[in-house]
Amino acid sequence: MARWEPLGMSVTPVLDLRGIEKSYGSVKVLHDVCFTAYPGEVTALVGDNGAGKTTLVKCIGGIHPHDRGEYRFEGRPARVGNPRDAAALGIEIVHQDLALCENLDIVQNLFLGRERRRGLTLDEAAMEALAAETLSGLSVRTMGSVRQRISNLSGGQRQTVAIARAVLWDSRLVVLDEPAAALGVAQTQQVLELVRRLADRGLAVVLISHNMNDVFAVSDRIAALYLGRMVAQVRTADVTHRQVVELITSGTGGGLGLRR
Amino acid sequence: MKGGPSQEDIRRHNLGTLLRFVHLRGPASRATLAESLGLNRSTIMALTADLTAAGLVREELPRKPGRRAGRPSLVVRPESTRVYVLAFDVGVDRLVVARVGLGGEIMDRREGTRDRDAEPGELVGALAAAARSLVRKAGPAAVCVGAAAAFPGIVRRADDTIMFGPNLDMGEMSLGDTLSRRLGLGLTVSICNDADLGALAEHERGAGVGCDNLIYLHGDVGVGGGIIVGGRLLGGEQGFGGEIGHMVVNPGGRLCSCGSKGCLEAEVGERTLLAHAEREEGAHPDGRAAVRAVVDAADRGDIVAREALHRVGTWLGLGVANLVNIFNPGLVVFGGTLRDVYLGSAAQVRSMLATGALAAPREKVRLRTAELGDDSTLVGAAEFAFAEVLADPVQVLARLRAPENTPVS
Ligand SMILES: Nc1ncnc2c1ncn2[C@@H]1O[C@H](COP(=O)(O)OP(=O)(O)O)[C@@H](O)[C@H]1O
Ligand SMILES: [Mg+2]
Ligand SMILES: [Zn+2]
């Protein structure tokens, strides 16, 4: 059984998962997972390799829907059976294997796969203006032309485009699965600051990272998965580096996590 | 004997308030101004007319294509190309001079490096030359309404005297007077503590907008601090307040440039980080680049660099814990090289905060990096330089535009 910290908040979580179960064939990967993400907060999802983080993200995004359990979004039960369901709720996922279209430019990527809403049709010039406005709103000065192809961008710039999609489409929840994995330190820092700014605008952000400094630098809460179970979801301000490392490596630590 | 405020006082106050609004928030319609400032539309119209006549604002159609249908209303826009200040950022290794337009946009800038053993005269010469070139490029129609410099040292408020600046020695020279004379614009160049200006900038334009209790920590060789309490910079009796870098966190610890031991600056400053990381003094790269190189090495797995950041982060966290207990800030901002140090050691910093600070003030404090990046102190200098014109816009402009004030070049 997981032990839960009192959250002491009356704010409705954007995402509230309870008792999530997921198997790949006969292999059980997630067991009785509870997970919440609040507006205005960065929730770090941590865990060892193979703990089930990416699988949980795929459940959230409807790519591999969960087998059992409750999925609530902004206080209401939601059915997320495919990625379109997730997008319709306002969920933007930046996958570990970043899915941007290499041969398209920044503007095209920002608008890709989005049905024009409420009869609002945008011409190329308006899309370009909106793209530039969104990127400058994120204080991105180093991007250059919005008509560049994605294939010309650095890893950090690609993450930024993916994050800009979330802002542009008024997402409620943004999930980033190891965004820093392939980035240099300067780019990682920029992505982290961007992630923080997204949350400061009121979005709920879920960040998966192996780097404890990254986790502590930007997160408000830390959720630790251990062998497919959620062993703790705690406020970052209340825990130490050592406790989190212990949670990751042994599922228990400093009075938190699994009872032995 | 003094009565209530006169009509003239009220008008001056309102002019300043309106100008400050468009300076900080950007172009706004009369309707927005009326609503935000709590003044009626006819007052806004009169104030706008006065500011327009003084050449401080202009009314025009919004530049961005509006997404709403219908005729867009005019917006009041600050005259950013015609009214400007000169902002100087005097770093230990880096000099920046900028022309910053009313409205806060950096219109033009010159950057240079400084040798650590350079003479004060060279420094002033470089700053003045850069400033003069910026003024020349601004053209004869533009007016400079103020000038201020961020300096890494303790500055006496009464006369801008640098009392202590161990990392950048100015000798006997009065930086403000010398620069003012060399510029010949009929303006005084104010000298302020760099971290105080960083705090100001982040409060007005960066991570701290809307947060009236914040602490800004600035890393540039040493460690500076700027503390904003109730929306105002904490200066203390003489303006020396907020020297967080010389808060003792480790009694009997490393020797500090101030003569004391175990100051925050001595435990987390550039020299200490580089020493822990076994980087040779005077090696290349130096300054900011050297600090960033250590963070970069740690990220790539270098155990010596990691250990160095770990040690430094522990003291930084202890310092922040003390500050959180004393000031109950809503926000702590890490700027200059401390941005990189914080991002590279956040696990230590926050672990120390979790164990070292009281639960109550710890609960709501947010830790952030400077949103203005390397420009926090520069932007702060600009904001400081704008203060006079924002306090009394029409008078100050009239004085500066008077023919007898035209600089002789
Ligand atoms: N598509 C899949 N088919 C079968 N097993 C999978 C699949 N994806 C992941 N797994 C398994 O599920 C477990 C959790 O993996 P994953 O969610 O990727 O973990 P994490 O992201 O925490 O490293 C691992 O044991 C992995 O081998
Ligand atoms: Mg994964
Ligand atoms: Zn000292």
Side-chain angles (χ1 to χ4, degrees), chain A residues 8-9 40-42 44 46 120 122-123 125-130 132-133 136-142 180-181 183-197 199-200 209-220 222 234-245 254, chain B residues 63-67 106 205-211 289 292-302 305-306 309-310 313-314 317 321 324 331 334 339-357 359 361-373 375:
Chain A
M9 288 188 64
E41 293 194 353
V42 176
V46 300
L120 177 78
L122 292 168
D123 57 26
M127 290 195 334
E128 198 172 306
L130 207 51
E133 189 187 319
S136 76
L138 289 168
S139 315
V140 178
R141 288 167 221 136
T142 48
L183 304 184
V185 70
Q187 293 189 333
T188 300
Q189 291 181 346
Q190 277 176 22
V191 169
L192 285 179
E193 286 172 333
L194 219 48
V195 160
R196 189 58 256 179
R197 234 169 280 146
D200 286 345
S209 175
H210 276 293
N211 184 315
M212 280 302 116
N213 285 318
D214 294 357
V215 166
F216 275 91
V218 297
S219 76
D220 301 288
I222 298 174
V234 295
R235 288 171 41 90
T236 310
D238 296 334
V239 291
T240 62
H241 182 199
R242 174 188 296 251
Q243 284 175 309
V244 177
V245 170
Chain B
R63 278 182 200 160
K64 261 183 274 171
R67 262 184 266 168
I106 297 176
R205 298 193 178 274
V209 170
C211 176
R292 284 168 191 173
V294 172
V295 177
D296 194 47
D299 190 61
R300 281 184 284 109
D302 182 305
R306 281 184 156 179
L309 278 165
H310 186 109
T314 303
V324 164
L331 185 68
F334 299 93
R339 166 186 177 266
D340 304 83
V341 170
Y342 170 66
L343 290 174
S345 67
Q348 264 62 48
V349 175
R350 297 198 57 173
S351 295
M352 289 307 288
L353 190 62
T355 52
R362 188 183 73 211
E363 194 188 348
K364 286 271 154 63
V365 67
R366 292 170 295 140
L367 271 52
R368 296 287 184 274
T369 49
E371 199 168 312
L372 301 168
D375 281 342

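Lettering follows sequence order; numbering is per chain, from 1. Not measured: the values here are computed from a predicted model.
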Spacing of CG belonging to Asp299(B) relative to CG belonging to Asp214(A), to within rounding of 0.5 Å: 7.0 Å
Which atoms form the tightest heavy-atom contact between Ala354(B) and Ala237(A), and what is the distance? CB-O, 3.2 Å
Which bit of Arg339(B) comes within less than 4.5 Å of chain A, counting heavy atoms only: side chain, backbone, both or neither? side chain
Separation between OG1 of Thr236(A) and CG of Leu353(B), rounded to the nearest 0.5 Å: 11.5 Å
Considering all heavy atoms of both residues, which atom of His241(A) and which atom of Ser351(B) are nearest to each other, and what is their separation? N-OG, 2.7 Å
Just so I know, are the side chains of Gln189(A) and Val295(B) near enough to count as touching, which here means a heavy-atom distance under 4.5 Å? yes
Quick one: are Arg368(B) and Asp200(A) in side-chain contact, heavy atoms under 4.5 Å? yes
If you count heavy-atom pairs under 4.5 Å with chain A, which of Arg300(B), Arg366(B), Arg292(B), Gln348(B) comes out on top? Gln348(B)
Working to the nearest 0.5 angstrom, can you tell me the gap between Thr240(A) OG1 and Met352(B) CE? 11.0 Å
Which of Ala346(B), Ala347(B), Ala298(B) touches chain A most, by non-hydrogen pairs under 4.5 Å: Ala347(B)
Does the distance from a Lys or Arg side-chain N to an Asp or Glu carboxylate O, for Arg362(B) and Asp238(A), drop under 4.0 Å? yes
Asn213(A) side-chain N/O to Leu343(B) backbone N/O, donor-acceptor pair under 3.5 Å: no
Interchain contact, Glu193(A) with chain B, by part (heavy-atom threshold 4.5 Å): side chain
Taking Arg197(A) for its side chain and Glu371(B) for its backbone only, find out whether a donor-acceptor pair lies under 3.5 Å. no
